[in-house]
Structures are given as structure tokens and as C-alpha cells.
Amino acid sequence: MKSDKSLILFNTKMLKEAIRDSVIKLNPLTLWRNPVMLIVEVGAVITTIYSLIELKSGTGHYFSLQVSLWLWFTVLFANFAEALAEIRGKGRAQSLRETQTELTANRQKPDGKYETVSSIQLRKGDTILVKEGEIISGDGDILSGTALVDESAITGESAPVIRESGGDRTSVTGGTRILSGEILVKVTSNPGDTFLDQMIKMVESASRQKTPNEVALEILLIGLTILFLVVIITLPVFAGYMSVKTTITVLISLLVCLMPTTIGGLLPAIGIAGMDRLIQHNVIALSGRAVEAAGDVNVVLLDKTGTITLGNRMADELILAEGISRDTLVESALLSSLPDETPEGRSIVTLCKTEKGIKGKDIRTPRDAAFIAFTPQTRMSGVRIGSRVIMKGSYDAIEEMILASQNRMPDDIHAKADEVARQGDTPLVVADNERVLGIIRLKDIVKQGIKGRLKQLREMGIKSVMITGDNPLTAASIAAEAGLDDFIAQAKPETKLSLIRKYQENGNLVAMIGDGTNDAPALAQADVAVAMNAGTQAAREAANMIDLDSNPTKLLDIVETGKQILITRGALTTFSISNDVAKYFAIIPALFAAQYPELNILNIMHLTNPASAVLSAVIFNALIIPLLIPIALQGVRMKSASASAILKTNLLIYGFGGLLLPFLGIKIIDIFLKLAGLV
Amino acid sequence: MILLEWILFLFLFLGLVFLMGKYMSSVYLGEDTFFTVIGKPLENLIYKTSGINPAEEMNWKQYGLNLVIFNLLGCLVVFLLQVIQGYLPLNPIHAANVHWDLALNTAISFMTNTNWQSYSGESTLTWLVQMLGLTVQNFLSAATGMAAMVAMLRGFTRKETDKIGNFWVDLTRGTVYILIPLSILFSVFLISQGVLQTFHPYQHFYTMENQSQVLPTGPVASQVAIKQLGSNGGGFFGVNSAHPFENPNGLTNIFEMAAILFLPLALVLSFGYMVGNIKQGLAFLISMLVILLLGTGIVWWAEMLGNPLLIKYGIAHGVSMEGVESRFGVLISSFWGLLTTATSNGSVNSMHDSLMPITTLVYMFNMGVGEVVFGGVGVGIIGMLYYALLVMFLAGLMIGRTPEFLGKKLGPREMYLSVIALLVPPILMLIFAAIALMIPSTVGCMNNSSAHGLSELLYAFLSGAGNNGSAFAGLNTNTLYYNFSLGITMFISRFVTILPALAIGGSLAEKKSIPESSATFPTTGILFIAMLIAVVIIMGSLTFFPVFTMGPLLDHLFMIHGKVY
């Protein structure tokens, strides 16, 4: 699920910026958003002042100074993680935005004439004219005209797409270029509110809205911080009663080590990086809440067409009517379909060519052939070659035609057509003038790979439901083939809305992807609503995420990203809390063992001396933050497995590992400090 | 043969616990039970005379407000009874009015189900205060705890409503159907074994050494029964269940231990029955049992390890019998201590001050984590639920879903309330204990210095913060500072446990219920149990590591190194 882009954690330019930002972020006015780190900073200030006084009076032995230094580093490392995540996210958004900055637009004045204005001056409701070769300067709906639009700046997809007024393809995105055509566009958002700006906001720490899960976690972290503050503030009193003197430096060291600084420092970065990963999938989320809700989704509604099956049915088999030779049917079917440019028509041609063994050869339509196009009223299509009329269409339509010409349908054809329908496919009856020749079986082709993805969903406990206008038989056959959990056949546009409501009433969280204006109410109702970028403006406004690639299977990536953000937070919180045990074992003996040598049994790491023990714990506590930045930015690796299996793995790595690792880390740092003569 | 008897007893006991669990769940759900014939008319009479409409449901704020007002009134009655007890009847020893600070401390203590006793019942209080004040509060505070639990549970079982039941109904049912009948049965048993229940005046007599002695008397059995059943623990006499008139023989000792455990254990199962998931109740029960057994292992190891100084003086194995009733022995006495600190009961049958330091460390740990190993009636489950919410929060995040428990999503509000409930008591305890050390006169109240003195102090505040009520002995707490600070600690800890529970119940009741799916983390399996135990132990350890190191741990190290002070 990772694209190559994510493999590069940072480059030199990003690094420089991040380092600069991490210093700027030391400003307590900005740091207050992260209370845990703010307290560390206050601690650093106190120990710094304390160590300076020590130095001046000549009593210092650089211990306090070293501790202060590492406390500053703790804050800087946390700031660095946040800055790096911001820069990465902004960089990605900015590169998309650059196309937008120096744009001008032809705005229609009230008198109908046009004026050239900067795109930033555009406001919602303005009408602009965009010509061939120009870049569309703001999101909007096409009022009139048709255009071929290159959306690669947004989607990365090189094939241009058609956008036209009316129907489901009316919306255009700012920053995309018109290759041909001319359109009149009604601007639907102020330039400051375009998707790209939304996206940038999501990766900016200061303007980012915290999600409920994040708020809940912060409450836990602040609670623990207050508890440890009380433990540390009361400690000198208890120690004093036991005739043990405590220094401010050691107390603040212990406090910082106990406070959940690891997760506290990385928390903003995790959230920002999650949004960034979503952007890598070419999905823009309009709120962080929606992304996390995606991790909770238990029902996914999928449209059949375009999501589960390829958009069109394909001819799969020719079935002869009684007494008709295969050649006759093949030839007629081929003739009737040669001028037919629909995908179905082309698939019939391909099938017939295969039957005749002339695959690849270019067969041309007879010059005198006239194509009779499909209309919803006739429900058939075909050709007229002189007096010969070859038609193909639904059973009912052909029967009507045959009966109208005072002819009879062959006896077997009805049963055969029924049989095809029963298997979930569509029968197309072929008739040459008044003679019924046979049936073409049209089959829905399930997209490659969809079965695997649906299986992944099921493993994650998510139920997939297909929605289709097809009859139940067709729907059931496709559902079985693709491995769906459930399907709704003969669905009307309003079926989606009522279905979502029904699932939600039972406590489910529902995700859906939609594109048409019809989908807007359902999108508004769904918990996670992804609108395709190619969809209508109404759909996009009702949704809380936009998929720039207009790829319906993207939902799975969104779910994974949502889960990954939560998992990363949970894993690092567990890690952070488990770490504390080892730090107690380092610092408590250091505090008391001088007075009470009995307590040396707690010094299970056999650290060199009290100063070294305290310093090692503080250094470990600081260094673990940058070491975990890759995990925070890229997310904990996850696979689709049962909840218990995922939890077991994460508990083992981050809980148990978090318990043991600091014992090892502190010991190594202690050895290093001793060798370096720093203590 | 003896082993067989124990096993039989255990099975019988567990069988009764299951029956009781089911019975209580039926009572609170308003279902008919065998006792309905007697209980229902009584229940209705109470509603009628006090003008309660049992069908009227309350939201959590109304429920909480009624609960607090009712408790405060109870507190006021006990307080007033004490300060004017000298003018009231049933005062065989012509006890004077109790001083206000002690009276307030005692009133809060009994209202909060703590039953911390800065006084000695036989020399300070009149029979009237003991019966009308303390015993009544024993019933009501226990029923309050159970009501709070039931109201909280409704949050899990109801959906899209803000109503969590009627406080008066829950209170009445708990008292009428559960506490009163059980207490009557149990006091009759105790009387049969020689526990006093009399208005006969105190007896003067001369011992064989011709010393004059007074034997205190009174309506003891009725108070002992409820003190054990309702996790109260406040003894009729100062030395509590070490007194032969409270706990005359081996049989009463075992039965009183069983009574300490009975309702707290059964309520864990009631919780399971009431949320319609008995497996969840069993998962909690197993988690609690594991913690109890871990503690038992450590305590018995410490007691059998003995004191090297005693070995030096030729005492076999160095097992210390000081402060232990020779009728019961160290193993049973130290086990009693475990039960009483695990369940928030607080009655004692030995002087904890004299037990091995590591034993007292385990006791303090039990109280420090909020008494969630069965815990006080009702509030034990509430406490464990706070931890469970914490566990589910971490577990939920780690599987990539918004945390949920028993079909309810957990959000910032539940986290906020759980964090407050879990952290305020230890924070209060640390602050007040530290302040005590900064007041010279208060430091002087400790019988011992150094590590052991610190243990005495820590124990007192842990007992208050945990609403336990057991005392370490060795600390004179009838001073203004202790009465005041312990009173506040008990008061805040009690309500900071109960009110967030009601608020969580209210908040969860408003939410939809999410169906279980394969993506739901099963909360009845080994993984959940292991996580729950780990979180309880880690939270406790992180909070108390420094003070326990300086107190009981150092005390233990001094002892094995033969150091005295």
C-alpha cells in the first residue's frame, strides 16, 4: 500500500527546514498545544538556571548542565518530529498548489463581457470562461460546453477526461488544464477553501483539528503527567523524612523520564503523517475525524458497476436457436455489431472473430450498412443492410418485434434465454429479419484483484455490500463470484440512503463511495463518504473525502490508513508507559542508595554511579524520540488479521519490548558515558 | 481430610456466590425472585410512605444529586448523634459528647463505607450511636455503592436514552432484598457462636492476678454481620475482629472471611448477568483472583520467611506472632488482611503494624490501586471498570479502532472521567501524607521512626483514599490534622469514584450499541485478562514506586539485614 514516495523519509532541504522549525517551536506560546512538552521545557529552563548558578558558585561538576542539555534536546526532538511531518505534508500539498498561484481568470462581468482577474480574486458564484490550453483557476461546475481536461496535476493520471455540462461530469477542479474545448464555469468555492487548501490545513499543526481519539489520548497523557508531577513534588518530603537530600536536577530528571514524553512528543507528528499518507493515496480528507472513523467502519457499500465489475458487460458465449448453424449466428452477430462502438458491441465482435478463427483481422462494415443505435425505448440495436435488418436486444424487445411482424418465436429460445438469466448473465437475442438465430450471453466481468481486497476487508471485520440495479439473479451471481458478504438488487437511488440508515440504526459505521448527484443524500448520511473527483459538485460537497483518482477500491486504502493512525498512537503510548518501569529502576536507587546501601538491590542494571544512572535515563528518554520518528511518520506496519492477533503482535513489540528495551538502552548509554568520562 | 473439608467449603462457597450473583442481578432488574413475596410489600411500603414514584427514571445528574444529598444527610445524622450522645439514652459508660473533628471524621468515614476508626468503639461511643448511627450507615453506604454500580451498568445495557434508573429504587432494593436478609441470617449465626448481642451493662471483674478489668458489652453481632457483608469493616470494638466478642472462634473467623468476600465476589457475577455477558463477569473474576493469588503468594512467603532477629533469639523459623491472635495464626491472619484490603472491607483480625513489611506492602498496594480485587460492594466493580476502560482504550487504539467496550464506543468524556476517578485518590493520598510529614506535631503521632514510621503514615492515607478503613495501628490519628485530612480524603475519594461512574453510565446510555464483529477485540479472553492485570499492576507500581521503596521495602531490607531503629 505504500508508494515509492513514502520510502524517502526526508531530504537535506527538509532536514534543514525541520531543524529551523524545531527551534522556532520552542516558543512556549506555540508549545502550549502540547502540554507534556511544555512541562519538559519548563523543567529544562529550571535545570539550566540551576546549573548556571552551580557553575558560578564553583560547586558544579557539569552534571546539571548535561541533564539540562538533554532536556532541551528532548523538546527539540519532539519539535523536530512534528516539523518534519508538517514539512513533508506541506511539501506534497504545495507541489500541487504551485500550479495554482500565478493564475489569471476570465471573469464574466454583469454586462456579459469578460475581464481578466487574478485567480485569488475569484469568489464563490463568479462565472469564468476557460479556453483551450488554459488552466482552470478554481473549483467549479460547468455551466455550458464540453472539454477534455488534463487532471494529471491532481490525480497523477495521464489520460485526460471529459467534462461537460449537465449529467454527472460537470465539476472541474482548480489547477487542471483544458486540452480542448471551451467551457463556462461557475466557481463553487472561494480560492482559500479549495481542496488543496483544505489539504494543507490538515498537515499544519497549528490549524489542525484534533480528533476525538486524539483528545481522549491527550486526556490520558495529561492525567499521567499530573500524577507524576504530584509524585515528584511530594517525593522530597518523603525523602526528607528519610534523611535523603534530593536535588532539583534529579527530581526534574525523574519527572521528565516518567512523563509520557515519547508519545507526547510524537503525537502531533503521527496525526499529520497520517493525513500525509492519505494524500499519497491521492485522497483528500476534509476532516481528521472522518479518516479515523474509516478505521471503525464495519459496513462498506460498493456500487457494482465500476467498483466490483468492469463498467461493461462482455459477450461470453453464443447459444444457437434450434436448427440454426453456428456460422449463421456468428456472421449475423458480427454484422450487427461491427458499427456498434459500445464496449458491449466491441466485445461481441471480438467473440465472433474468435469463433471464426480470424482474430486480429480487420473486418470492415459493409459499405451499405446503416447502424440502428440502441435507445432506452427500443432496447435493441443492429444494422440495416439493404432490406436485411439484423437486430440484437433484450428478449422482450425482440419478441415484440417478431410478433409485430406476425411471426413466431422459436420454442426453445425462451427457455434458453431464461437459463442465461438464471445464471446471472444477460441474454441478447439476435434476429435476422424475422428469423431468431440465437442468443449472445453477456457476462459481467469482475475486476481483477477485487476478490482479494474484499477478503482483506472481511479479515478486518468489515462487511461488504454490493448495490446494483440488476435483477437478484445477476446480483447474486456476481456477489458470489467477487466474494461479497451481501448484495442489494434492483436498487433505486433512494435505496442507498435507507440502507445506510438501517445499518446505522444497528450501530454500524457505514462507508460508501459515490459520484452522481443521486448519491449525495446517501453520502451525506454515510459515516465515511468518499466522493470521486470526477463526480458532481453535489456529491463532493456531501462527502467528507475526495478521491482524486476516482478509484472506488480506494476505500480500502482509506480504511487501512485510518486504522494505522490509531494503531501507531496506541502502540507508542503503550511503549511510552512501559518504558517507565526501567527508568524507576535506574533513578530510585540513584536517589537513595547513598544513604541506604540496602536499596542497591534495585540497581539491577548495575549502573556506574548515581549521576550516570540519572543521566543515562534522561538521555535514553530523549534519544528514543528521534529513533521512533520513522515509525511515527510511516505508521506501525499493519496487516489484515483478527483483532486479537493484531493486538498480540503490538503488545509483544511495543508493550513487552517497551518494558525491556530501556533496561538495555540505559545500560548501554551508561557504559558509553563511563567510557567517555562524562560522569 | 482437612484439605477435603477446605475444598468442599470452597465449592459450597463458590456455588452460593454464583446463586447470589444471579439473585442480585434479578433484584436490580426488578425480576421476581423467591424473596419477592416478602420483599415486594416492604419495598412498596417504603415508596408509599416516602412518596417515591418507582417508575420515575433519572438521568445521571439527578441520580447523582439524590445520591449525594442522601449521603450528606446520613453523614449529618451520624455527626449530630455523636456530638450530643452524652444527652441521649443507651449510654452505659456515660460517654461524653464526641469532639467535633473526631465526630466529623467518623461521620464521613461511615457515610463513605470506609469505616476508618480514629476512636475505640467501646470507650468512645454510646450504644445508640453505634446502632442508630453507624450500623444504619453500614447498610446505607453499602446499598449506595451497589446502586452506583447498577446505575453505571445501565449505561452498557441501554441505548439512546439519558436515564440510568431511579436511585431510591436501587437503594431500597439493595437494602430490602439483599443486605437486611443476609445480615439477619449472618448475625443469628454469629450469636450462635458467641458473638454478643446484648444491652447488658459492661462487666467488671478481677483477673487471676487480681487485676480489675472491665468487659465491654453491647449489640455487637448485628453490627459485625453488616460490617463484613457490606465491605464496611468498622468494628464494634477498637481491635475489631481480633476481639473475641466480635470473632470468637475458628469457625466465625472463616465465616467472617467468607462474608468479607461474599457480596464483592457475587457482585462481579451480577455485573456479568446484568450486562448480559456472564463471560465478562468471569473474566473480571479471574483477573481479580489472579491478583489476589499473586498477593497471597508474596504475603505467605514473607510471613514464612520470618524475622532473622527472632531466629537469633531462638524463636523457631523466626515467624513473628506479635500482633497476631494465636487462635488464628499468621497464615490465616495475613490472608484475612489480604481480603480486607482487597475488598475495601477494612476489618482486621490482627495488627497489621506487626506483620512482615512485605506483607504490608501488598496490603498497601491493594488499597493503592483502588481496591479493585473484588473491591467494596459495588464500587469494586466500578473501580475495575475504570481500569477496563483504560485497557480497552489502549487495546482499541492498538487494533486500529475507536475504543469500545461491551458494545459502547469510548470517547474523550469516558477517558476524562476514568482518569479523574483513577488518579484523584492517589494524588490526594500523596499530598496529604506529605503535608503530614511537614507538620512536626503530626510527625510525633507515629509510634516508629524511619521506614516503619513512614509505612504507618502511608497506610493510613491509603486506607482513607481507598475507602478501606483498616488501620495499620501504631499511628495515633485522633488529632485535628489527621481527622481533617483523612476526612477530606475519604469524602473526595468516595464521590470521585461514584460520580464519574454515574456520569459514564449516563454518557454510555446515550450512545448506540455497536454489534460485535470479528473486528471487535474479545474482552473475555486471556489477552484481555492479562492486559487488565498488567495495567492494574503497572499503574499501581508507577504511582507508588518511590514511597513504597522508602516505606515497606526499605523496612523489609532493614529487617533482613538485622537493622533496628
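All values below were derived from every heavy atom in this structure, side-chain atoms included, with hydrogens, water molecules and symmetry-related copies excluded. Source: prediction; values computed, not measured. All chains are named by letter (A, B, ...) in the order of the sequence lines, taking the proteins before the strands, and each is independently numbered beginning at 1.
- A 4.5 Å side-chain heavy-atom check between A:Glu505 and B:Lys512 finds every atom pair outside the cut-off.
- Proximity to chain A (any heavy atom under 4.5 Å) is shown, for B:Leu422, by neither the backbone nor the side chain.
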Tell me which donor-acceptor pairs under 3.5 Å the side chains of residues 405-412 of chain B have, and how far apart each pair is, sequence neighbours excluded?
| residue | atom | partner | partner atom | Å |
| --- | --- | --- | --- | --- |
| B:Lys408 | NZ | B:Arg158 | O | 2.6 |
| B:Lys408 | NZ | B:Leu508 | O | 2.8 |
| B:Lys408 | NZ | B:Lys511 | O | 2.7 |

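- In this structure, chain A has no heavy atom under 4.5 Å from any part of B:Val424.
- Interface check for chain B: of the options A:Lys648, A:Glu292, A:Arg569, the most heavy-atom pairs under 4.5 Å are formed by A:Lys648.
- Most heavy-atom pairs under 4.5 Å with chain A: of the set B:Met531, B:Met539, B:Glu404, this distinction falls to B:Met531.
- Checked by atom type and distance alone, the side chain of A:Asp296 pairs as donor or acceptor with a backbone atom of B:Thr402 at under 3.5 Å.
- Among B:Ile435, B:Leu394, B:Thr543, the residue with the largest count of heavy-atom pairs under 4.5 Å with chain A is B:Thr543.
- Only the side chain of A:Phe592 comes within less than 4.5 Å of a heavy atom in chain B; its backbone stays farther off.
- Heavy atoms of other residues, nucleotides or ligands lying less than 6.0 angstrom from CD1 of B:Ile526 number 12 at most.
- Only the side chain of A:Leu509 comes within contact range of chain B, judged by heavy atoms closer than 4.5 Å.
- Only the side chain of A:Ile588 comes within contact range of chain B, with at least one heavy atom under 4.5 Å from a heavy atom of that chain.
- If you measure heavy-atom distances from B:Phe521 to chain A, the contacts under 4.5 Å come from both the backbone and the side chain.
- Rounded to the nearest 0.5 Å, atoms CZ (B:Phe528) and CG (A:Leu647) are 11.0 Å apart.
- Neither the backbone nor the side chain of B:Ala530 comes within contact range of chain A; no heavy atom of the residue lies under 4.5 Å from a heavy atom of that chain.
- For the set A:Leu591, A:Val215, A:Leu227, the entry with the most heavy-atom pairs within less than 4.5 Å of chain B is A:Leu227.
- A:Tyr596 is not listed as a side-chain neighbour of B:Leu557, based on a closest heavy-atom distance of 4.5 Å or more.
- Residue B:Thr549 touches chain A through both its backbone and its side chain, counting heavy-atom pairs closer than 4.5 Å.
- Looking at B:Ile431, the atoms closer than 4.5 Å to chain A (heavy atoms on both sides) sit in the backbone and in the side chain alike.
- When each of A:Val581, A:Leu602, A:Thr568, A:Thr649 is scored by its heavy-atom pairs under 4.5 Å with chain B, the top score falls to A:Leu602.
- Screening residues 570-593 of chain A for side-chain hydrogen bond (donor to acceptor under 3.5 Å, both in side chains), with sequence neighbours left out, gives A:Lys583-A:Asn621.
- Looking at B:Leu390, only its side chain comes within 4.5 Å of chain A, counting heavy atoms on both sides.
- Counting heavy-atom neighbours within 6.0 Å of A:Lys210 NZ, excluding the residue itself, gives a total above 12.
- In this structure, B:Leu397 and A:Gly570 approach most closely via the heavy-atom pair CB-CA, 3.5 Å.
- To the nearest 0.5 angstrom, A:Phe228 atom CZ is 9.0 Å from B:Leu423 atom CG.
- Of the atoms belonging to A:Leu572, not a single heavy atom falls under 4.5 Å from chain B.
- Between chain A and the residues B:Ser449, B:Ser450, B:Ser513, the most heavy-atom pairs under 4.5 angstrom are made by B:Ser450.
- With rounding to the nearest 0.5 angstrom, the CE atom of B:Met398 is 10.0 Å from the CD1 atom of A:Ile567.
- Proximity of A:Tyr241 to B:Leu457: side-chain heavy atoms (C-beta onward) are nowhere separated by under 4.5 Å.
- For a residue to count as touching a neighbouring chain, one of its non-hydrogen atoms must lie under 4.5 Å from one of that chain's; by this rule B:Ser418 does not touch chain A.
- Interface remark: B:Ala534 contributes no atoms to any contact with chain A (heavy atom separation under 4.5 Å).
- Ranked by non-hydrogen atom pairs under 4.5 Å with chain A, the options B:Ile399, B:Ile538, B:Leu454, B:Val443 are led by B:Ile399.
- The minimum heavy-atom distance linking B:Val419 with A:Gly223 is given by the pair CG1-CA, 3.7 Å.
- If you measure heavy-atom distances from B:Leu458 to chain A, the contacts under 4.5 Å come from the side chain alone.
- Note that the CD1 atom of B:Ile514 and the CG atom of A:Asn506 stand 12.5 Å from one another [nearest 0.5 Å].
- Considering only heavy-atom pairs separated by less than 4.5 Å from chain B, the leading option among A:Ala239, A:Pro212, A:Ala645 is A:Pro212.
- Between B:Arg401 and A:Asn298, the closest side-chain pair of non-hydrogen atoms falls below 4.5 Å.
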